[in-house]
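These notes are about the structure you will find just below.
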Amino acid sequence: MITTDAVPGSPCWLDLGAPDVEVAAAFYRAVFGWRSAPQGQEAGGYTLFRLDGSAVGAVGPLTEDGARSAWTLYFHTPDADATARTVERAGGAVRVAPVEVGDDDGRFARFTDPQGAQFAVWQPLKDPGLEAADIPGALCWTELYTTDAAAAQAFYSTVFGWSTRDMLLPGGGGTYTLLTPANRGEDRTHGGLMEVPADFLGRGGTPYWHPVFASRDCDATVGLVTGNGGALSMGPETAEGVGRLAVCTDPAGAEFVVLTPEETAG
């Protein structure tokens with residue numbers, strides 16, 4: 001599970017790059033009941049999302065050349081500069097070098113793994129990141145689609161020290177690798193990765209991470225997605241041992257998953 005007491009390598013923040021921040025904010029307000037809080041002109045249009053007063057993510061304008069709308073997942077690091085060096089040694093690339101945010105709120109950096117998936121890190125100072133997780137309307141899982149599972153496992157284990165555990169998907173669906181922060185038990189498993197062919201990925205065949213948001217009722221949330229300009233890519237369907245889920249995109253094409261966990265769905 002994802003918690004708000006982030007440890008090194010665990011998810012601790014996420015934000016959306018969008019071509020129109022207000023359109024994106026309106027969509028997610030309608031789908032998840034989030035409130036949006038613009039951070040002022042000095043923040044360049046960056047807008048926080050809150051659920052019952054707790055920060056659950058953010059949206060901002062696209063800032064990188066050629067970028068398309070997508071969610072970026074941030075993982076906790078005690079030292080963003082050291083992580084950047086490790087990323088490069090492991091064959092990844094630094095897209096945005098470590099930089100300080102606000103008045104000692106923290107430091108972030110953005111990277112690309114050797115297969116092309118983009119991710120980021122957050123080194124908290126005053127701002128810990130997520131204030132709510134693993135509840136309806138908040139981040140509950142992270143997932144990587146990659147073209148080389150073994151290489152991805154090796155890279156992220158080097159960068160974050162993650163431990164991995166493979167499981168076979170039912171019906172011959174392949175192998176799914178569970179990801180857990182270093183020296184933590186299975187109760188802190190926070191995500192998974194899966195090898196898929198390039199033609200499955202779209203986006204020019206580039207691997208990518210996407211967030212999974214918890215929902216009390218997956219089908220009802222999907223109705224809000226499609227009723228507010230988003231689209232359904234897969235599902236809703238029930239996955240044994242997981243719950244009821246659907247792969248969705250927002251009006252600008254950013255992908256996310258909605259999940260009603262099995263214990264909730266049942």
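Values below: all heavy atoms of this structure, side chains included; hydrogens, waters and symmetry mates excluded.
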What distance do [X] atom [atom1] and [Y] atom [atom2] have between them, rounded to the nearest 0.5 Å?
| X | Y | atom1 | atom2 | result |
| --- | --- | --- | --- | --- |
| D134 | L139 | CG | CG | 8.5 Å |
| L73 | I2 | CG | CD1 | 8.0 Å |
| T177 | L193 | OG1 | CG | 4.5 Å |
| T47 | D15 | OG1 | CG | 11.0 Å |

Salt bridge (Lys or Arg N to Asp or Glu O under 4.0 Å) partners of [range], not counting sequence neighbours, each pair once:
| range | answer |
| --- | --- |
| residues 218-241 | D219-R244 |
| residues 120-131 | R50-E131, D103-K126 |
| residues 78-92 | D81-R107 |
| residues 18-29 | E22-R29 |

[Y] versus [X], side-chain donor and acceptor atoms under 3.5 Å:
| X | Y | value |
| --- | --- | --- |
| E195 | Y145 | no |
| D166 | T175 | no |
| Y208 | E143 | no |

Review point. Do the side chain of S69 and the main chain of G17 share a donor and acceptor less than 3.5 angstrom apart?
Key: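 Side chain of S69 to backbone of G17, a donor-acceptor pair under 3.5 Å: yes, one is there.
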
Exercise for review: Return yes if some donor-acceptor pair links the side-chain N/O of T260 with the main-chain N/O of C218 below 3.5 Å, else return no.
Suggested key: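 A pair under 3.5 Å: yes.
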
Go through the structure and list residues passing side chain to side chain contact (heavy atoms under 4.5 Å, CB included) with [X], not counting sequence neighbours.
| X | result |
| --- | --- |
| V212 | C140, W141, V257, L259 |
| T180 | S163, R184, T189 |
| Q115 | D113, T146, T147, D148, A151, A152, P207 |

Looking only at non-hydrogen atoms, find the nearest pair between [X] and [Y] and report the distance.
| X | Y | answer |
| --- | --- | --- |
| T158 | A90 | CG2-CB, 4.1 Å |
| A80 | P98 | O-CG, 3.7 Å |
| G129 | A55 | O-CB, 4.4 Å |
| G116 | T206 | O-CG2, 3.4 Å |
| A120 | T72 | CB-CG2, 3.8 Å |
| G33 | L51 | O-CD1, 4.4 Å |

Step through it carefully: locate the ring centre of [X], locate the ring centre of [Y], and say whether they are under 6.0 Å apart.
| X | Y | result |
| --- | --- | --- |
| Y28 | W71 | yes |
| W122 | Y74 | no |
| H76 | F160 | no |

Are the side chains of [X] and [Y] in touch, meaning some heavy atoms are under 4.5 Å apart?
| X | Y | answer |
| --- | --- | --- |
| M234 | L245 | yes |
| D187 | M1 | no |
| L48 | S36 | no |
| P197 | D199 | yes |
| P261 | V242 | no |
| S233 | C248 | no |
| L179 | H190 | yes |
| F108 | V96 | yes |

Identify whether [X] and [Y] are in the same connected component of the hydrophobic contact network (ILVMFWY, side-chain heavy atoms under 4.5 Å).
| X | Y | result |
| --- | --- | --- |
| L168 | V196 | no |
| L62 | V21 | no |
| F49 | I135 | yes |

**Study point:** From CA spacing to verdict: side-chain contact (heavy atoms from CB on, under 4.5 Å), V87, F155
**Key:** CA-CA 8 Å; V87 165; F155 172 79; 4.1 Å; yes

Review point. Can you name the ring-ring contact (aromatic ring centres under 6.0 Å, His included) partners of Y156, sequence neighbours left out?
Key: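 Y156: ring-ring contact (aromatic ring centres under 6.0 Å, His included) contacts with F119, W162, W209.
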
Exercise for review: Using side chain to side chain donor-acceptor pair (under 3.5 Å) as the criterion, list what pairs up with T164, not counting sequence neighbours.
Suggested key: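 For T164 the side chain to side chain donor-acceptor pair (under 3.5 Å) partners, ignoring immediate neighbours, are Q153.
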
Point to revise | Partner residues of T77 under the side chain to side chain donor-acceptor pair (under 3.5 Å) criterion, sequence neighbours left out | key: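 For T77, the residues satisfying side chain to side chain donor-acceptor pair (under 3.5 Å) (neighbours in sequence not counted) are T83.
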
**Study point:** Partner of N228 under side-chain contact (heavy atoms from CB on, under 4.5 Å), chosen from T226, V225, L224
**Key:**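 Exactly one pass, corresponding to L224.
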
Point to revise | Working for side-chain contact (heavy atoms from CB on, under 4.5 Å), residues L125 and D105 | key: CA-CA 5 Å; L125 297 172; D105 288 339; over 6 Å; no

Exercise for review: Report the residues that fulfil salt bridge (charged side-chain N to carboxylate O under 4.0 Å, His left out) with D5, sequence neighbours left out, ordered by chain and then residue number.
Suggested key: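 Only R188 meet the salt bridge (charged side-chain N to carboxylate O under 4.0 Å, His left out) criterion with D5.
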
Exercise for review: Please assess F256 against F32 for the test side-chain contact (heavy atoms from CB on, under 4.5 Å), listing each intermediate value before the final yes or no.
Suggested key: CA-CA 12 Å; F256 61 96; F32 293 119; 3.9 Å; yes

**Study point:** Co-members of V222 in a cluster of I, L, V, M, F, W and Y side chains, linked at under 4.5 Å
**Key:**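 In the cluster with V222 are L232.
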
